[in-house]
Visitor: 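Handing you this structure, nothing more for now.
Just so it is clear, the model here is predicted, and its values are computed rather than measured.
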Amino acid sequence: MKKVIFIAFAIEDERQRDFLKGQSLLTYSPFEYVDMSVKEPYSEDWKSRVRTRIRRSDGIIVLVSKNSLSSSGQKWEIQCAKEEGKKILGIWAYSNDRTEISGITTKVWSWDTIKNFINSL
């Protein structure tokens, strides 16, 4: 059975999210992907829908970049995932950006890293 993975990302990193989504569509992918990107990310309705989807997810992948530091939507998603007790994997969105998010273990983006995380869920 496929695992459901919630992807938390800053809207500026949408292309990297699309790249990850492209990887997930490959036939050997061990996960199904939940896309929560919306145009107005701060309404109560958005928050309740995100929380519901995070609860339904087996784990969370956070795309980490310098954009993460100013993304209030992504910060809220990470906080929500922690509150819901979900396992979180941080992946650096770009090879030349090693931004750190407090409390998130972040690794270099590789298919093996993602696969190992998903297999651990």
Visitor: Which atom names give the shortest non-hydrogen contact between F9 and I7, and what distance separates them?
Guide: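 Closest approach of F9 to I7, heavy atoms only: CD2-O, 3.8 Å.
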Visitor: Check side chain to side chain contact (heavy atoms under 4.5 Å, CB included) between S110 and all other residues, then give those that pass, not counting sequence neighbours.
Guide: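 Residues passing side chain to side chain contact (heavy atoms under 4.5 Å, CB included) with S110: D112, T113.
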Visitor: Carefully, step by step, assess I91 and V62 under the rule side chain to side chain contact (heavy atoms under 4.5 Å, CB included).
Guide: CA-CA 6 Å; I91 293 285; V62 177; over 6 Å; no
Visitor: If only atom types and distance count, is the side chain of D58 paired as donor or acceptor with the main-chain N or O of V4 below 3.5 Å?
Guide: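 Yes: the side chain of D58 pairs with the backbone of V4.
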Visitor: What I'd like to find out is whether the side chain of R98 reaches to under 4.5 Å of the side chain of V108, using heavy atoms alone.
Guide: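 The answer is yes, as the side chains (C-beta and beyond) meet within the 4.5 Å cut-off.
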Visitor: With a 4.0 Å cut-off on N to O distance, would you call R17 and D13 a salt bridge?
Guide: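 No, no charged N to carboxylate O under 4.0 Å.
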Visitor: Pairs in or reaching into residues 79-106: which pass ring pair (Phe, Tyr, Trp, His ring centres under 6.0 Å), with residues at least two apart or in two chains?
Guide: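 For residues 79-106, and leaving out neighbouring residues, there are no ring pair (Phe, Tyr, Trp, His ring centres under 6.0 Å) pairs at all.
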Visitor: Determine all donor-acceptor pairs shorter than 3.5 Å in which one atom belongs to a side chain in residues 80-90; sequence neighbours excluded.
Guide:
residue	atom	partner	partner atom	Å
E83	OE1	R51	NH1	3.1
E83	OE1	R51	NH2	2.7
E83	OE2	Q79	NE2	3.4
E84	OE1	R55	NE	3.2
E84	OE2	R51	NH1	2.8
E84	OE2	R55	NE	3.3
E84	OE2	R55	NH2	3.4
K86	NZ	R55	O	3.0
K86	NZ	S57	O	2.7
K87	NZ	S120	OG	3.0

Visitor: Any chance you could lay out the side chain to side chain contact (heavy atoms under 4.5 Å, CB included) test for W76 and V50, step after step, and finish with the verdict?
Guide: CA-CA 10 Å; W76 190 88; V50 167; 3.6 Å; yes
Visitor: Which value, rounded to the nearest 0.5 Å, describes the distance between K75 atom NZ and I101 atom CD1?
Guide: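 K75 atom NZ to I101 atom CD1 measures 8.5 Å (nearest 0.5 Å).
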Visitor: Applying a strict under-4.5 Å side-chain criterion to I, L, V, M, F, W and Y, I'd like to know whether I61 and L69 cluster together.
Guide: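 No, separate clusters.
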Visitor: Could you walk me through whether I60 and I5 pass side chain to side chain contact (heavy atoms under 4.5 Å, CB included), step by step?
Guide: CA-CA 6 Å; I60 313 298; I5 305 299; over 6 Å; no
Visitor: Just jot down the side chain to side chain contact (heavy atoms under 4.5 Å, CB included) partners of A93, sequence neighbours excluded, or say none.
Guide: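 Expected list: Q16, L63, S65.
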Visitor: Of all the heavy-atom pairs spanning I54 and E77, show the shortest one and how long it is.
Guide: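 So the two residues come closest at CD1-O, 3.6 Å.
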Visitor: Rounded to the nearest 0.5 Å, what's the gap from CG on L20 to CH2 on W111? Could you check?
Guide: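 Answer rounded to 0.5 Å: 7.5 Å.
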Visitor: Can you name the residues that form a side-chain hydrogen bond (donor to acceptor under 3.5 Å, both in side chains) with D97, not counting sequence neighbours?
Guide: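 side-chain hydrogen bond (donor to acceptor under 3.5 Å, both in side chains) check on D97 returns T99.
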Visitor: Roughly how far apart are K21 NZ and R15 CZ, rounded to 0.5 Å?
Guide: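 Going from NZ on K21 over to CZ on R15, the span is 15.0 Å.
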Visitor: When rounded to the nearest 0.5 angstrom, what distance separates OG in S68 from CD1 in I78?
Guide: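 Here the interatomic distance stands at 6.5 Å.
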